[in-house]
Amino acid sequence: MKAAHLYLSLLVFSSASVLVNTFEPITTTVVLGIGAALGRTIYNYLHESCDAKWIAFNATGLEVDLESKLFGQHIGSRIILKALTGFMSNDNPKKPLVLSLHGHTGTGKNFVSKLIADNIYKEGMDSNFVHVFTSELHFPHSSKLDTYKSQLQQWIKGNVTNCERSMFIFDEMDKMQPGLIDSIKPYLDYYDKLDGISYRKAIFIFLSNAGGESITQIALDFWKAARDREEIELKDLETLLSLSVFNNKNSGLWHTSLIDKNLVDFFVPFLPLEYRHVVQCAMAAMKAKGLRPDKNVADQVARDVNYFPKSERVFSVKGCKTIENKLHYYT
């Protein structure tokens, strides 16, 4: 469809160029103006821009995705949907939205970031306005901390200048050098503008394994008490989680002013996944690959996953991280 539209547009533009030679000077100017406008239209059609055509929050789409694609995260799903819906519906937010997602590997943190991007940006994670920083890739050397701070500030300033609805994802926060993330504190604070630039419509998402032990212990306590994991509430985890991360010397959020100044809007716990959730992940992966979901195959995949604690085998060691690759051996 896009190719057809482009062909028609180029055909019209070509025809307009031919007609120029047969018109008087005044008419020629008008036609050239039309051609230039048409050229801009074609450019905007093919190139992502910071406007409603390319950036529009789909609250219903996010809700459906969280319900049908994210498993075992009743707390995270609820917080993220409410936080995004409230923030994106506010034309004049007081500060950027800052979410800090915590939990062991494979529980859905990166996946949720993708779902958020897919339901805000037409191009999803491929959008020019979605920026992902990975600690060990982008900030590997402790000796270059000051350089990284300056670069990070310039990257954020430049991208928000380009589009106020930019989204920044910081992966592996537990491996980030302490002190680095404090360099962006001004952009997350309650300022109308900094050097003429407003950061209040931007979104910042931190992903971290830090705090995973605390989250797992709470989930295990509920399991041992024969209580449903859906009874776990944010209040059972949020304070414990923020303190755990703040005091973790190996975390990029260690003693950070972002926590000290209450600039993180939500600490979102991602619970460890049980056998039934791994089965759900396998079923969803089959569907995503265009295969007919087979419960027997899903059970077989889930049985071959490692669980902990070793004696009880309650939670998947890697969550659902390796499920898609494991399907190749069973389908």
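The structure displayed is predicted, hence computed values, not measured ones.
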Revision key, fill the gap. The reported gap from CG in Leu180 to NE2 in His138 (rounded to nearest 0.5 angstrom) is 12.0 Å
Exercise for review: Can you see which heavy atom on Asp91 is nearest to which on Pro93, and at what distance?
Suggested key: C-CD, 3.5 Å
Exercise for review: Please check if Tyr275 and Leu271 belong to a single hydrophobic cluster, counting links between Ile, Leu, Val, Met, Phe, Trp and Tyr side chain heavy atoms closer than 4.5 Å.
Suggested key: no
Check your understanding: Which pairs, with at least one residue in residues 278-301 and sequence neighbours excluded, count as a salt bridge (charged side-chain N to carboxylate O under 4.0 Å, His left out)?
Key -> Lys295-Asp299
**Study point:** Path from Val160 to Tyr191 over hydrophobic side-chain contacts below 4.5 Å
**Key:** yes
Point to revise | pair Asn159-Phe129: side-chain heavy atoms closer than 4.5 Å | key: no
Practice item. Decide if atom CG of Asp195 counts as having more than 12 heavy atoms of other residues, nucleotides or ligands within a radius under 6.0 Å. Key: no
Revision key, fill the gap. By ring pair (Phe, Tyr, Trp, His ring centres under 6.0 Å), Trp155 pairs with (sequence neighbours left out) Phe133
Exercise for review: Report the C-alpha distance between Arg200 and Asn92 in whole Å, list the side-chain angles of each, state the deciding distance to 0.1 Å, and finish with yes or no for side chain to side chain donor-acceptor pair (under 3.5 Å).
Suggested key: CA-CA 8 Å; Arg200 293 180 298 162; Asn92 189 31; 3.0 Å; yes
Review point. Between Thr216 and Phe308, does a side-chain contact (heavy atoms from CB on, under 4.5 Å) hold up when you go through it step by step?
Key: CA-CA 10 Å; Thr216 296; Phe308 72 97; 3.5 Å; yes
Check your understanding: Donor-acceptor pair, Ser77 side chain versus His74 backbone, under 3.5 Å?
Key -> no
Practice item. Would you kindly confirm whether Phe71 and Met286 end up in one hydrophobic cluster when ILVMFWY residues are joined by side chain heavy atoms under 4.5 Å apart? Key: no
Point to revise | Nearest non-hydrogen partners of Ile75 and Pro269, listed with the distance | key: CG2-CG, 4.0 Å
Revision key, fill the gap. Asp146 meets the side-chain hydrogen bond (donor to acceptor under 3.5 Å, both in side chains) criterion, sequence neighbours left out, with none
Review point. Take atom NZ in Lys201; do more than 12 heavy atoms of anything else shown fall under 6.0 Å from it?
Key: yes
Check your understanding: Within a strict 4.5 Å, meaning less than it, do heavy atoms of the Tyr187 and Ile184 side chains meet?
Key -> yes
Exercise for review: Measure the shortest side-chain to side-chain distance between Glu274 and Arg229 over non-hydrogen atoms and say whether it is less than 4.5 angstrom.
Suggested key: yes
Point to revise | Beyond-backbone contact of Ile116 with Leu84, side-chain heavy atoms, under 4.5 angstrom | key: yes
Practice item. Report, as yes or no, whether the 6.0 Å neighbourhood of atom CD on Glu324 holds more than 12 heavy atoms from other residues, nucleotides or ligands. Key: no
**Study point:** Lys/Arg N to Asp/Glu carboxylate O, Arg227 vs Asp221, below 4.0 Å
**Key:** no
Check your understanding: Are the side chain of Ser127 and the backbone of Glu123 linked by a donor-acceptor contact shorter than 3.5 Å?
Key -> no
Practice item. Would you sort out whether Leu237 and Ser214 count as a side-chain contact (heavy atoms from CB on, under 4.5 Å), showing the intermediate values? Key: CA-CA 8 Å; Leu237 289 163; Ser214 300; 5.9 Å; no
Review point. Is the shortest side-chain N to carboxylate O distance from Lys95 to Asp265 below 4.0 Å?
Key: yes
Revision key, fill the gap. Tightest non-hydrogen contact, residues Ala285 and Leu327, listed as CB-CD1, 3.4 Å
Check your understanding: With the 4.5 Å side-chain cut-off for hydrophobic clustering, are Val317 and Val305 part of the same group?
Key -> no
**Study point:** Expected output: side-chain Gln177 to main-chain Phe139 donor-acceptor under 3.5 Å
**Key:** yes
**Study point:** Common cluster, Leu291/Ile323, ILVMFWY with side-chain heavy-atom separation under 4.5 Å
**Key:** yes
Review point. Measuring from Leu101:CG to Ser113:OG, what's the distance to the nearest 0.5 Å?
Key: 6.0 Å
Point to revise | Approximate separation, where rounding is to 0.5 Å, of Asp189 CG and Leu258 CG | key: 9.0 Å
Check your understanding: Quick one: OG1 on Thr147 to CG on Leu152, what's the gap to the nearest 0.5 Å?
Key -> 12.5 Å
Exercise for review: Check for a donor-acceptor pair, side chain of Ser166 on one end and backbone N or O of Cys163 on the other, with a separation under 3.5 Å.
Suggested key: yes
**Study point:** Residues that Phe270 engages under ring pair (Phe, Tyr, Trp, His ring centres under 6.0 Å), provided they are two or more places apart
**Key:** none
**Study point:** side-chain contact (heavy atoms from CB on, under 4.5 Å) between Ile169 and Leu207, intermediate numbers included
**Key:** CA-CA 8 Å; Ile169 302 170; Leu207 311 179; 3.8 Å; yes
Review point. Hey, are the side chains of Ile120 and Met88 touching, using non-hydrogen atoms and a 4.5 Å cut-off?
Key: yes
**Study point:** From CA spacing to verdict: side chain to side chain donor-acceptor pair (under 3.5 Å), His102, Ser100
**Key:** CA-CA 7 Å; His102 298 267; Ser100 193; 2.6 Å; yes
Review point. Between the main-chain N or O of Glu231 and the side-chain N or O of Asp228, is there a donor-acceptor pair closer than 3.5 Å?
Key: no
Practice item. Go through Met176 and Glu136 one step at a time and tell me if the side-chain contact (heavy atoms from CB on, under 4.5 Å) criterion holds. Key: CA-CA 7 Å; Met176 180 177 282; Glu136 292 189 326; over 6 Å; no
Exercise for review: Answer yes or no: is there a donor N or O on one side and an acceptor on the other, between the side chain of Ser135 and the main chain of Glu172, under 3.5 Å?
Suggested key: yes
Check your understanding: So, do Met125 and Val132 sit near enough that their side-chain heavy atoms are less than 4.5 Å apart?
Key -> yes
Review point. Can you find a pair of side-chain heavy atoms, one from Phe267 and one from Leu99, that are under 4.5 Å apart?
Key: no
Review point. Given Phe315, which of Leu273, Thr107, Leu220 fulfils the side chain to side chain contact (heavy atoms under 4.5 Å, CB included) condition?
Key: Leu220
Practice item. Return the set of residues passing ring pair (Phe, Tyr, Trp, His ring centres under 6.0 Å) with Phe168 (not counting sequence neighbours), or none when no residue passes. Key: His131, Phe204
Point to revise | Carboxylate-amine/guanidinium contact Lys53 Glu48, below 4.0 Å | key: no
Check your understanding: Between CZ of Arg303 and CZ of Arg313, what distance do you get to the nearest 0.5 Å?
Key -> 11.0 Å
Review point. About how many Å separate OG of Ser316 and CZ of Arg276, when rounded to the nearest 0.5 Å?
Key: 13.5 Å
**Study point:** Heavy-atom closest pair, residues Ser208 and Ala210
**Key:** OG-N, 2.9 Å
**Study point:** Short side-chain to backbone donor-acceptor contact, Asn90 and Phe87, under 3.5 Å
**Key:** no
Exercise for review: Can you sort out the partners of Ser183 under side-chain hydrogen bond (donor to acceptor under 3.5 Å, both in side chains), two or more places apart, ordered by chain and number?
Suggested key: none
Practice item. Check whether any side-chain heavy atom of Thr85 lies under 4.5 Å from a side-chain heavy atom of Leu62, and answer yes or no. Key: no
